[in-house]
Amino acid sequence: MLQLAFIRQNRDLVKERLAVKNFADLDLVDEIISLDEKRRKTQLENDELASKVNAASKEIGMLMGKGEKEAAEQKKTEVAQYKESSKQIADELAALEQQVNDLLVKLPNLPSTLVPAGKTPEDNVNVKEAGADPVLPANAVPHWDLIKQYDIVNFELGVKITGSGFPVYKGKGAKLQRALISYFLDYNTAAGYTEYIPPYMVNEATAYGTGQLPDKEGQMYYMPADNFYMIPTAEVPVTNIYRDDILKETDLPIKMTAYTPCFRREAGSFGADVRGLNRVHQFDKVEIVQLVHPDKSYESLDEMVAHVEKLVQSLGLKYRILRLCGGDMSFTSALTYDFEVWSGAQKKWLECSSVSNFENYQTNRMKIRFKDEKGKPQLAHSLNGSSLALPRILAALLENNQTENGIVIPEVLRPYYGADILQ
RNA sequence: GGAGAGAUGCCGGAGUGGUUGAACGGGACGGUCUCGAAAACCGUUGUGCGGGCAACUGUACCGAGGGUUCGAAUCCCUCUCUCUCCGCCA
């Protein structure tokens, strides 16, 4: 969430930036500020009263020690008077704190100045487009036909076992998934990322930390018996690894990578977008996460974008990089670049990675800090990106690399897959 | 799942109602010494919120949440987690 002190000191700037994100309820900012003023006033009252009680209690202790019972009793009646108002003020203060916080989490992150205004994906800025157009055979078909032809992914089986959107990978398809995961992880660790295998279910505090809660619980699968959420992305457990920690400045940057399955309810999705592997409820993804010094986070973002770009290039896919407009970016992000690969037979761009800088929006929720030169705790910045999401990469690879003889496996994957061609 | 024990600062570990934000030890950091280092010695070593230009100061925090009391790390209740034993089990 945004920092209260920042909102207080930059009321107009905050509103102006929120408008870029098409955030409608700008009055919320004023409401928060006035509520916070009330909160501070109340705290002052509360603290002063508590101070009096504490002082009197100490005196009582000393009087008792000296055996001056009567004087002590007299003090007690004095304290009793303070206590009457103190309970009420303390409750009031707690309520105000709660109210301020409840409103504060409703504010999305401020978009960086690089974020273009806009409402829909059409307003995203195409930053770069590269890679050769795939050369397809005349009888090229989309990946949902190819997976049947080679019997590598079975959706009907997933429906039987679980429901729609839970694909079953089989044989060479399963092996190819494993090859992709291993390749992505190796590529990330070679760049200095530490590999993790986190839990795939998280508690409420964790889901809150990265911004999935409150209000967005509808996107996650929920296990009421234990109050756990299935992770929608590795970002959630991995970023929370350092929740409530105060790091040394020299610990930064912290780079982490993890493969996890991701679970998304995707309520309301329908149509051509969900065909085949384009959108599913369970999919595999390798994620990269960084915690960095606030002065360096945009440098890190560029570095991560370059990192993902090389990975996409190495697979020989045609791709483009988009800078998301205010209306298309996520609640928690300050700046996001999406990667899309060209899926030759569908003739469609498929999003395969999203790389974002959250500045201190997430770290403020998670209280991930470091001590600066002066020894003062300061919020770190958090970033993450997919490196990469598998299903759409698989879809593009299948479609773009189809030949009469089978699916050509990209060179970088061959050591992992164990063959040059999938037949 | 059953029984028992426990949860204190960066770590270990005291503390069972009063001036304790917390003894002691270790670690880390700074200094003295040294050509340099080690050792030794001296010192520093919390976080949030509020007030203050600042020095500083008020308050809260000893797993979490309630309660008792003039006063709670210390007593009571609830919850969570950890450990040990038994059962079950990949």
Side-chain angles (χ1 to χ4, degrees), chain A residues 1-9 32-105 197-209 213 223-229 237 240-252 254 360-380:
Chain A
M1 67 186 119
L2 299 176
Q3 296 185 101
L4 245 183
F6 182 85
I7 297 174
R8 211 187 286 150
Q9 288 153 23
I32 288 170
I33 289 175
S34 70
L35 213 49
D36 177 53
E37 255 167 54
K38 217 160 133 196
R39 185 208 108 227
R40 284 185 292 159
K41 242 179 77 190
T42 308
Q43 187 181 338
L44 197 60
E45 280 179 62
N46 178 70
D47 285 2
E48 277 169 359
L49 212 50
S51 178
K52 283 182 190 167
V53 171
N54 286 344
S57 296
K58 274 185 190 175
E59 276 185 67
I60 292 169
M62 291 201 309
L63 291 169
M64 298 282 265
K66 282 191 280 186
E68 295 180 30
K69 285 227 161 133
E70 269 176 48
E73 286 305 320
Q74 200 181 329
K75 272 280 166 200
K76 279 193 197 181
T77 57
E78 188 186 313
V79 174
Q81 285 170 13
Y82 295 140
K83 298 280 281 187
E84 239 165 83
S85 37
S86 102
K87 172 76 177 139
Q88 189 200 332
I89 291 176
D91 287 350
E92 207 176 306
L93 179 61
L96 281 166
E97 279 171 352
Q98 186 64 50
Q99 284 172 45
V100 170
N101 202 63
D102 286 351
L103 295 186
L104 207 49
V105 296
I197 300 178
Y200 302 154
M201 295 184 210
V202 295
N203 58 31
E204 233 174 302
T206 298
Y208 171 84
L213 294 180
M223 329 286 285
D226 297 283
N227 201 207
F228 292 155
Y229 295 87
N240 272 277
I241 285 172
Y242 287 94
R243 171 152 50 92
D244 291 325
D245 278 358
I246 300 179
L247 301 154
K248 282 184 276 186
E249 193 167 348
T250 50
D251 291 336
L252 304 176
I254 288 171
N360 62 24
Y361 191 87
Q362 292 183 326
T363 54
N364 191 31
R365 289 178 162 223
M366 285 183 276
K367 300 294 173 249
I368 300 178
R369 292 160 293 172
F370 68 96
K371 286 206 174 177
D372 61 22
E373 329 75 62
K374 288 181 198 146
K376 290 274 169 252
Q378 217 186 111
L379 292 171

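Just so you know, these numbers come straight off a predicted model, no measurement behind them.
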Determine whether the side chains of A:N203 and A:T206 contain a donor N or O and an acceptor N or O closer than 3.5 Å. yes
Gap in Å between the two C1' atoms, one belonging to B:A28 and one to B:C70, rounded: 41 Å
Proximal nucleotide (of B:G50, B:U47, B:A60) relative to the A:R39 side chain: B:G50
Provide the distance between the two P atoms, one in B:G4 and one in B:A40, to the nearest whole Å. 47 Å
Should B:C89 form a Watson-Crick or G-U wobble pair with both distances under 3.5 Å, which nucleotide is its partner? none
Find the distance A:E48:CD to B:G50:C1' and express it as a whole number of Å. 10 Å
When we call it a touch if two heavy atoms are under 4.0 Å apart, what does A:L44 touch: a base, just sugar-phosphate, or nothing? sugar-phosphate
Any donor-acceptor pair under 3.5 Å linking the side chain of A:R365 with the backbone of A:Y208? yes
Taking the nucleotide of RNA chain B with the nearest heavy atom to each, does A:G375 or A:D36 sit closer to the 5' end? A:G375
Please report, rounded to the nearest Å, how far the C1' atom of B:C70 is from the CE atom of A:M62. 14 Å
Identity of whatever pairs with B:C24 - Watson-Crick or G-U, under 3.5 angstrom: B:G12
Please classify the nucleic acid contact of A:A50 as base, sugar-phosphate, or nothing, using heavy-atom distances under 4.0 Å. sugar-phosphate
Tell me the interatomic distance from A:K52, atom NZ, to B:G71, atom C1', rounded to whole angstroms. 18 Å
Within the structure, does a side-chain N or O atom of A:S57 lie under 4.0 Å from either OP1 or OP2 of B:G18? no
Taking the C1' atom in each of B:A39 and B:G46, what is the distance between them to the nearest angstrom? 30 Å
Under 3.5 Å on both distances, the Watson-Crick or G-U partner of B:C49: B:G58
Would you please confirm or rule out a distance under 4.0 Å between OP1 or OP2 of B:U59 and any side-chain N or O of A:R40? no
Between the main-chain N or O of A:L247 and the side-chain N or O of A:D245, is there a donor-acceptor pair closer than 3.5 Å? no
Remember a base hit wins even if backbone is also touched, and classify A:N46 as base, sugar-phosphate or nothing at under 4.0 Å, heavy atoms. nothing
Roughly how many Å apart are B:U80 and B:U69, using the C1' atom of each and rounding to a whole number? 27 Å
Using side chain to side chain donor-acceptor pair (under 3.5 Å), reason through A:D102 and A:Q98 one step at a time and then give a plain yes or no. CA-CA 6 Å; A:D102 286 351; A:Q98 186 64 50; 2.9 Å; yes
Rounded to whole angstroms, how far apart are CE on A:M1 and C1' on B:G48? 12 Å
If I take atom NZ in residue A:K83 and atom P in nucleotide B:U69, what distance separates them, rounded to the nearest angstrom? 9 Å
Go through B:U47, B:U19, B:G50 for me and flag the one nearest to the A:K58 side chain. B:U19
Between NZ of A:K38 and C1' of B:C49 the distance, given in whole Å, is 19 Å
Answer for the Watson-Crick or wobble partner of B:U69, both distances under 3.5 Å, is none
In this structure, are over 12 heavy atoms from other groups packed under 6.0 Å from A:K367 atom NZ? yes
In whole Å, what separates the C1' atom of B:U19 from that of B:C11? 29 Å
Among B:U47, B:G71, B:G58, the one nearest A:D47 by side-chain distance: B:G58
Proximity to the side chain of A:K371 - top-ranked nucleotide from B:G18, B:U59, B:G46: B:G46
Looking at A:Q88, I want to see if its CD is surrounded by more than 12 non-hydrogen atoms of other residues, nucleotides or ligands under 6.0 Å. no
Closest of B:G67, B:G51, B:U47 to the A:K87 side chain is B:G67
Under a 3.5 Å cut-off for both distances, is B:U34 Watson-Crick or wobble paired, and to whom? none
Reckon A:K367 touches a base, only the sugar-phosphate, or nothing at all at heavy-atom distances under 4.0 Å? nothing
Separation between the P atoms of B:G17 and B:A73, rounded to whole Å: 13 Å
A:P377, nearest nucleotide to its side chain (from B:G18, B:G58, B:U47): B:U47
With a 3.5 Å limit on both atom pairs, tell me what B:A39 is paired to, counting Watson-Crick and G-U wobble, or say none. none
Find the distance A:E78:CD to B:G71:P and express it as a whole number of Å. 13 Å
Applying a 3.5 Å limit to both distances, which nucleotide forms a Watson-Crick or G-U wobble pair with B:A5? B:U82
When you compare the side chains of A:N364 and A:Q3, does any donor N or O come within less than 3.5 Å of an acceptor on the partner? no
Which whole number of Å gives the distance between the P atom of B:C86 and that of B:C77? 29 Å
Considering only the C1' atoms, how many Å lie between B:A90 and B:C49, rounded to the nearest integer? 48 Å
Please identify which of these residues, A:N101, A:I33, A:D36, meets the side-chain contact (heavy atoms from CB on, under 4.5 Å) condition with A:L4. A:D36
Contacts of A:Q43 and A:G61 projected onto RNA chain B by closest heavy atom; the upstream (5') one is A:G61
Atom CZ of A:F228 to atom C1' of B:U80: distance rounded to whole Å? 11 Å
